[in-house]
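Bear in mind that the values here come from a model prediction, so they are computed numbers and not experimental data. Atoms considered below: every heavy atom in the structure, side chains included; atoms not considered: hydrogens, waters and symmetry mates. The chains referred to below are lettered A, B, ... by the order of the sequence lines, with proteins before strands, and numbering in each begins at 1.
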There are 2 protein chains.
Amino acid sequence: MDSTAGRRPTVKDVARIAGVSQGTVSNALSGMRGVDPETRQRIDQAIATLGYIPNLAARRMRTGRTNTIAVMTSMPAAVSAGSSRLGFLMEIAASAAIHALDYNSALVLVPPVADPAVALRHVAMDGAIVIEPQTDDAFLLLLKRRGVPVVVIGQPASVDLPWVDMHYYRTAEMLLAHLLTQGARRIALIVGTSSRVSHHVTLERYESWMLLEGIPPCVIYVPEADGEDGSYRATLDLLRSNPDIDGIFASIDAFASGVMRALRDMGRAVPSDVRVVTRYNGLRAREERPALTAVDLHLDQIAALATRLLMDLIAGREIERITAGPIPSLVVRGSS
Amino acid sequence: MDSTAGRRPTVKDVARIAGVSQGTVSNALSGMRGVDPETRQRIDQAIATLGYIPNLAARRMRTGRTNTIAVMTSMPAAVSAGSSRLGFLMEIAASAAIHALDYNSALVLVPPVADPAVALRHVAMDGAIVIEPQTDDAFLLLLKRRGVPVVVIGQPASVDLPWVDMHYYRTAEMLLAHLLTQGARRIALIVGTSSRVSHHVTLERYESWMLLEGIPPCVIYVPEADGEDGSYRATLDLLRSNPDIDGIFASIDAFASGVMRALRDMGRAVPSDVRVVTRYNGLRAREERPALTAVDLHLDQIAALATRLLMDLIAGREIERITAGPIPSLVVRGSS
DNA sequence: CTGAAAGCGCTTACAG
DNA sequence: CTGAAAGCGCTTACAG
């Protein structure tokens, strides 16, 4: 009696029940071609009767569109995972997922794992949002090879890709100005060793400003992968060789955690002996005691912007190469 | 010369270059059938030469598998979004994404929006992880209709689905015991109005214990959608009608924020006048001043467990209906 | 406005 | 171990 028994109904079934052809059902569904109102009604009824749900895989194969975008970052797990896992990546992913819906798209979360190729092997996408890529970023390379449209959040180093500007320069400026205003005179900067534009810009602004103030610059490089512990050790060394340091700018929040631990172990009071600031206003910044002065980057707005740009790009529309994100705002807390 | 110019290479191209049939290429790729080592080598070389990448949509259509799982929750945005957006959902999603890789699967993040049907319209999945569903949960209903395998984190109310137990009873017990130990005598409970097992269990434990202690129970119901503001107003009312309240158990962290604001506005000191505890150890709990005593639910482990169970379910293996999650641990902070 | 047919790129019985 | 062929469920020219 029921010829659809045991399997999911298809357009074919809908067509048969509605007394039309497959093509007409498809047209009614997509709205690409006009369909007679009465015919459409018969089709809608057949769909309801059968509980028809389109097979997305078939549709994707036919159209070549996946209605999926992906979000990813190459920041190592030590930084992007752990207790700050809910950082950059997740904050952006949450916002992008919501905005992707406006474009009938789903969001795939590509986790930061050792091998980007593994992470991407089973994800098909129309486009990708890549967060703070490094020079020769593995994700960027893979995506380029696949010809996937990309929008970068942050700034790409070498590849010529559209990006949403997060105002690195301004962010560094805000934090440095704050430290100086608070009376810090001997300010150290802790940055990651990976080649990321954010580091270069931060470094540049730091050095030029220190030069201007007549303060000898003091830059500590820590591999991102060493995370909090690496920063902890580096800070101990720093304070031994430069006991007069009274301000520390940790470019990554995981580093800031290490800094705070080192200061505690060395018996330095925060903020009276040493003022500490960091860039990302995440869990770590809020949870420290005293809580850390940081910058609200307005990641939800940045993600919304990036999603919209990516959708334009996928649709073949022209987009600007650089789009300014919202202006970051300083969040002053006890650490400074 | 190059017959693949302008389009992505397919198995057909690989087969031609390697001098074998499509089927053999497919077998070499999937490892489902044995392939002569020498033949395999020719195929691998052809793949490398062409830069062949399998078309996932075609594979999915053919096999019926999407190699995708989804994570979702029906908690309204007022609770799951905003400054606690990085809560439950994201913490679980991050962990699930990493563990899904072990099963060659990608993770789709289904955002908590008003219309679950819209959110699911364009996502194909082999299975889903549903977080703390309510009675007649819209996501659960949609998934059931589609026949999608589901693992619940928390506990399903009506539907008979496998779940990972988060120890609601024990969690309520830990928080109540802590409040009593700290000297609270008049303890109020603030729960959501939605029908979720977590509320029922918490309520039950609270009422039975208050009865035992001879403390008159005082339960405030706030619609989840009203979030922090709803809880704020409810707490003001509560303190006016029950000025002797000296302990508050907020079942949702957004509610706890409202509680804290109300206490400040009423001039009640925390913890000396009123002790406050909440369940979820998220951003809100950490950021409050004083920070809130909460419970670490070990969501990453729970997500890992749920992912593994879901994969077993998808593979057709038998799984237990109830799987115990890790034992939650109390995180004592300044609020109590 | 509608239908018949081709074809997207895979995998999998089936046959050898 | 390998090949030839069917077919997954759609959408889209093409023809009427």
Side-chain angles (χ1 to χ4, degrees), chain A residues 3-4 6-44 46-47 50-68 104 121-124 126 146-147, chain B residues 3-4 6-44 46-47 50-68 104 121-124 126 146-147:
Chain A
S3 62
T4 72
R7 57 177 182 78
R8 247 175 79 172
T10 71
V11 267
K12 216 168 186 166
D13 301 314
V14 175
R16 191 165 27 75
I17 305 263
V20 294
S21 74
Q22 283 191 59
T24 302
V25 173
S26 178
N27 290 329
L29 245 45
S30 67
M32 286 305 283
R33 281 197 322 199
V35 173
D36 187 273
E38 200 209 320
T39 309
R40 173 183 298 274
Q41 200 179 328
R42 285 215 311 284
I43 291 172
D44 287 345
I47 287 173
L50 292 171
Y52 169 72
I53 297 166
N55 180 319
L56 295 179
R59 182 178 284 175
R60 285 167 189 187
M61 153 130 103
R62 180 62 232 236
T63 62
R65 284 280 315 259
T66 63
N67 288 308
T68 299
N104 293 328
R121 180 135 55 212
H122 294 275
V123 0
D126 298 328
R146 282 208 209 171
Chain B
S3 63
T4 71
R7 56 176 183 78
R8 248 175 78 172
T10 71
V11 266
K12 217 170 187 166
D13 300 314
V14 175
R16 191 165 30 75
I17 304 265
V20 295
S21 74
Q22 283 191 59
T24 302
V25 173
S26 178
N27 291 329
L29 246 44
S30 67
M32 287 305 284
R33 282 198 320 200
V35 173
D36 186 273
E38 200 209 319
T39 308
R40 173 183 298 274
Q41 199 179 330
R42 285 214 312 284
I43 292 172
D44 286 345
I47 288 174
L50 292 170
Y52 168 73
I53 297 165
N55 180 319
L56 295 178
R59 182 179 284 175
R60 284 167 190 187
M61 154 131 101
R62 179 61 230 236
T63 62
R65 284 280 313 260
T66 64
N67 287 307
T68 299
N104 292 330
R121 182 136 54 210
H122 295 275
V123 359
D126 298 328
R146 283 209 210 170

When the distance from [atom1] of [X] to [atom2] of [N] is rounded to whole Å, what number comes out?
X	N	atom1	atom2	result
Gln41(A)	dC1(C)	CD	C1'	17 Å
Arg65(A)	dG9(D)	CZ	P	23 Å
Arg59(B)	dG9(D)	CZ	P	19 Å
Leu50(A)	dG9(D)	CG	C1'	15 Å
Asn67(B)	dT11(C)	CG	C1'	14 Å
Leu29(A)	dT12(D)	CG	P	12 Å
Lys12(B)	dA5(D)	NZ	P	12 Å
Asp13(B)	dC10(C)	CG	P	9 Å

Arg8(B) side-chain N/O to Pro54(B) backbone N/O, donor-acceptor pair under 3.5 Å: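 Between the backbone of Pro54(B) and the side chain of Arg8(B) there is a qualifying donor-acceptor contact (under 3.5 Å).
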
N/O donor-acceptor pair under 3.5 Å between Ser26(B) side chain and Gln22(B) backbone: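 Side chain of Ser26(B) to backbone of Gln22(B), a donor-acceptor pair under 3.5 Å: no, none is there.
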
Non-hydrogen atoms of Asp13(B) and Arg16(B) that approach each other most closely: OD1-NH2, 2.9 Å

At under 4.0 Å, does any side-chain N or O of [X] touch on OP1 or OP2 of [N]?
X	N	result
Thr63(B)	dT12(C)	no
Thr39(A)	dT2(C)	yes
Thr24(B)	dG3(D)	yes
Ser21(B)	dG3(D)	yes
Thr10(A)	dG9(D)	no

Gap separating the CZ atom of Arg60(A) from the CG atom of Asn55(B), nearest 0.5 angstrom: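 Arg60(A) atom CZ to Asn55(B) atom CG measures 11.5 Å (nearest 0.5 Å).
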
Reported CG-to-OG1 distance for the pair Leu56(B) and Thr63(B), which is rounded to 0.5 angstrom: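 Reported value, rounded in 0.5 Å steps: 10.0 Å.
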
Closest-nucleotide 5' rank along DNA chain D - winner of Met61(B) and Gly23(B):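 Result: Gly23(B).
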
Counterpart base for dA15(D), defined by Watson-Crick or G-U wobble contacts under 3.5 Å: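 When the pairing criteria are applied, dT2(C) turns out to be the nucleotide that pairs with dA15(D).
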
Candidates dT12(D), dG7(D), dC1(C) - which lies nearest the side chain of Asn27(A): dT12(D)

Proximity to the side chain of Gln22(B) - top-ranked nucleotide from dT11(C), dG9(C), dT12(D): dT11(C)

